[in-house]
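Note that these values count all heavy atoms, side chains included, but never hydrogens, waters or copies made by symmetry.
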Amino acid sequence: MSGNRGVVYQGPGKVTVETIAFPELALGSRRCDHGVILKVLTTNICGSDQHMVRGRTTAPQGLVLGHEITGEVIECGRDVEFIHKGDIVSVPFNIACGRCRNCKEGKTGICLNVNPSRPGAAYGYVDMGGWVGGQAEYVMVPYADFNLLRFPDRDQALAKIRDLTLLSDIFPTGFHGCVTAGVGPGSIVYIAGAGPVGLAAAASAKLLGAACVIVGDMIAERLDQAESFGCETIDLRQDGDLGEMVRQIVGEPEVDAFVDCVGFEAHGCGHDHSHEQPAIVLNSAMALTRAGGQIGIPGLYVTEDPGAEDKAAQTGSLSIRFGLGWAKSHSFHTGQCPVLRYNRQLMQAILFDRVEIAKAVNVQMIGLDQAPQGYADFDGGAAKKFVIDPHGAIAA
């Protein structure tokens, strides 16, 4: 049997690379004949992983991290019909059975059969079913025929792996944020946050035909990255009214569409930028979005945040000015991205050179042993999307 190593959460602020069990085609004591085992080719560090590593969730020590996986099939269960050994595949971070009501309605982010405690599951993530994560050399994927996206040409896939690796989460998530915010040709769009998902959302807005994409953040390097592919930017360390800052760019103090790519660890703006204000992005969205506009919220919000500064926020209770959103007839769209709704179309956009998503989010390849430093650099605000190459097979 081959060995296996993975990135393991050891408690707040610490991850290590450890020897872990080689995956089996099994769900507990039951054989998983609908699953496959993958040799992981690339696996990405996600901003939502950072919430766990910072100690802002109830993630248990010993959790193998990683839900953004691209790999090569090395073993198939008996019941797998359409995926074959040797295929290069993208793994949606949502684990979905393909059989329940929600899956049949395309709501694969809230599958009813893969997590005993709540709808929806993901690899290597707190409260998401206990599935082993994919920041590892090998991983097991269940319901393979339904979940996996097979790339049509192996050589082409390997040549474009830096872009295609982003199909497991970040690119569809950013795209979903824009679609649910109603972005289309001619839209004026505000993207809150210039981390990897925010940058992916900005690139998605351009792909959808937005006239002007404005990105707000507090880290200069990330704002520079957004400007590198044609976005307008706002440095939120400045004091001043956000609407007036938007007016200086587009002539009006409002936008058609707002995408929250920050989530529950949001900070105040201007002189308050060093203090957490977990509801500030949601309240800014309602203030800035025009009447009748839409607000996409791919940024993560949790039911338990033990590190929150106030007791209400520790249970996900935020002080939002919902009456304003109601009065302006806003549409709010929350929850995890159903990756299968978008990943095939976005794959085609990559393969036909319609978008350079790896360039937009500034992909940097690292080895598995560099993962702890990658986490530290990401947490420090680096304007990079760290992609782990567990076997050292992808050229730097």
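- Looking only at distances, no side-chain donor or acceptor of Thr165 sits under 3.5 Å from a matching main-chain atom of Ile161.
- A donor-acceptor distance shorter than 3.5 angstrom exists from the side chain of Gln294 to the backbone of Thr180, with no hydrogens or angles considered.
- Note: Phe378 and Phe386 have tilted aromatic rings, judged against thresholds of 30 and 60 degrees for the angle between ring planes.
- Within a 6.0 Å sphere centred on CD of Glu356, other residues, nucleotides and ligands contribute 12 heavy atoms or fewer.
- Side-chain atoms of Asp217 do not come within 3.5 Å of backbone N or O of Arg222 as any donor-acceptor pair.
- Using a 4.5 Å cut-off on side-chain heavy atoms (C-beta onward), Ile191 and Cys261 make contact.
- Ser90 OG to Ile88 CD1: the interatomic distance, rounded to the nearest 0.5 Å, is 11.5 Å.
- Of the residues Thr58, Leu65, Val302, the one that meets the side-chain contact (heavy atoms from CB on, under 4.5 Å) test with Val126 is Thr58.
- Salt bridge status for Lys385 with Glu68: present, with a side-chain N to carboxylate O gap under 4.0 Å.
- Grouping Ile, Leu, Val, Met, Phe, Trp and Tyr residues whose side-chain heavy atoms lie under 4.5 Å apart, directly or via other members, places Val132 in a hydrophobic cluster with Val8, Ile20, Val64.
- Val281 and Val255 fall within the same hydrophobic cluster, defined by Ile, Leu, Val, Met, Phe, Trp and Tyr side-chain heavy atoms under 4.5 Å apart, directly or through other members.
- Side chains of Val36 and Leu148 form a contact here, defined as non-hydrogen atoms less than 4.5 Å apart.
- Side-chain atoms of Asn102 come within 3.5 Å of backbone N or O of Ile110 as a donor-acceptor pair.
- Residues Asp49 and Tyr375 meet the side-chain proximity criterion, which asks for heavy atoms closer than 4.5 Å.
- The closest donor-acceptor contact from the side chain of Asp260 to the backbone of Val262 lies under 3.5 Å.
- Looking at Trp131, its side chain never comes within 3.5 Å of a backbone N or O of His67 through a donor-acceptor pair.
- With Ile249 as the partner, the side-chain contact (heavy atoms from CB on, under 4.5 Å) test is satisfied by one option alone out of Ile188, Ile234, Thr233: Ile234.
- Here the two rings, on His51 and Phe264, have centers that are under 6.0 Å apart.
- Cluster membership for Val183 and Ile357, using ILVMFWY side-chain heavy atoms within less than 4.5 angstrom, is shared.
- Side-chain contact between Gln277 and Cys269 is absent, with no heavy atoms from C-beta onward closer than 4.5 Å.
- Within the 4.5 Å cutoff, side-chain heavy atoms of Val250 are placed close to those of Ile214.
- Between Asp369 and Arg5 there is a salt bridge, since at least one side-chain N of the basic residue sits less than 4.0 Å from a carboxylate O of the acidic one.
- Linking Ile, Leu, Val, Met, Phe, Trp and Tyr residues whenever their side-chain heavy atoms come within less than 4.5 Å places Met365 and Ile350 in a single cluster.
- Other residues, nucleotides and ligands contribute only 12 or fewer heavy atoms inside 6.0 Å of the CZ atom of Arg321.
- Using a 4.0 Å cut-off between a side-chain N of Lys or Arg and a carboxylate O of Asp or Glu, Glu265 and Arg54 qualify as a salt bridge.
- Arg154 contributes a side-chain N or O that, together with a main-chain N or O of Gly86, makes up a donor-acceptor pair within less than 3.5 Å.
- The shortest non-hydrogen separation linking Met347 to Arg150 is SD-O, 4.3 Å.
- Between the His330 side chain and the Thr289 main chain, a donor and an acceptor come within less than 3.5 Å of each other.
- Centroid-to-centroid, the aromatic rings of Tyr138 and His391 come within less than 6.0 Å.
- The nearest pair of heavy atoms linking Leu112 to Cys100 is N-SG, 3.4 Å.
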Checking Phe171 against Val361 for the side-chain contact (heavy atoms from CB on, under 4.5 Å) test, could you report, in this order, the C-alpha distance in whole Å, the side-chain angles of both residues, the deciding distance, and whether it holds? CA-CA 9 Å; Phe171 191 12; Val361 304; over 6 Å; no
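- Here the side chains of Pro92 and Thr108 are not in contact, with every heavy-atom distance at 4.5 Å or above.
- Counting all heavy atoms, side chain and backbone alike, Pro253 lies closest to Leu288 at O-CD1, 3.5 Å.
- Taking a 4.5 Å side-chain heavy-atom cut-off between Ile, Leu, Val, Met, Phe, Trp and Tyr, the cluster of Leu340 extends to Phe146.
- The number of heavy-atom neighbours closer than 6.0 Å to CZ of Arg101, taken from other residues, nucleotides and ligands shown, is 12 or below.
- In terms of heavy-atom proximity, Ile170 sits nearest to Ala200 at O-CB, 3.6 Å.
- Shown here for Ile45 and Gly374, the closest heavy-atom pair between the two residues is CD1-C, 4.0 Å.
- Under the 4.5 Å side-chain criterion, counting only non-hydrogen atoms from C-beta, His34 is in contact with Leu27.
- In this structure a side-chain-to-backbone donor-acceptor pair under 3.5 Å is missing from Asp145 to Val80.
- Between the side chain of Asn283 and the backbone N or O of Ser319 there is at least one donor-acceptor pair closer than 3.5 Å.
- Of all heavy-atom pairs between Pro372 and Val17, the closest is CD-CG2, 4.0 Å.
- Cluster membership check: Tyr125 shares its hydrophobic cluster with Val53, using side-chain heavy-atom separations under 4.5 Å among Ile, Leu, Val, Met, Phe, Trp and Tyr.
- Residues Leu167 and Leu199 fall within the same hydrophobic cluster, defined by Ile, Leu, Val, Met, Phe, Trp and Tyr side chains chained together at heavy-atom separations under 4.5 Å.
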Step-by-step side-chain contact (heavy atoms from CB on, under 4.5 Å) determination, Arg290 to Asp256: CA-CA 6 Å; Arg290 66 174 176 84; Asp256 300 311; 3.0 Å; yes
Output, in order, the C-alpha distance, side-chain angles, deciding distance and verdict of side-chain contact (heavy atoms from CB on, under 4.5 Å) for Val91 and Asn147. CA-CA 7 Å; Val91 185; Asn147 283 299; 5.9 Å; no
Give the C-alpha distance, both sets of side-chain angles, the deciding distance and a yes or no for side-chain contact (heavy atoms from CB on, under 4.5 Å) between Val73 and His84. CA-CA 7 Å; Val73 178; His84 304 288; over 6 Å; no
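- With contacts defined as side-chain heavy-atom distances shorter than 4.5 Å, the pair Leu282/Phe332 does not qualify.
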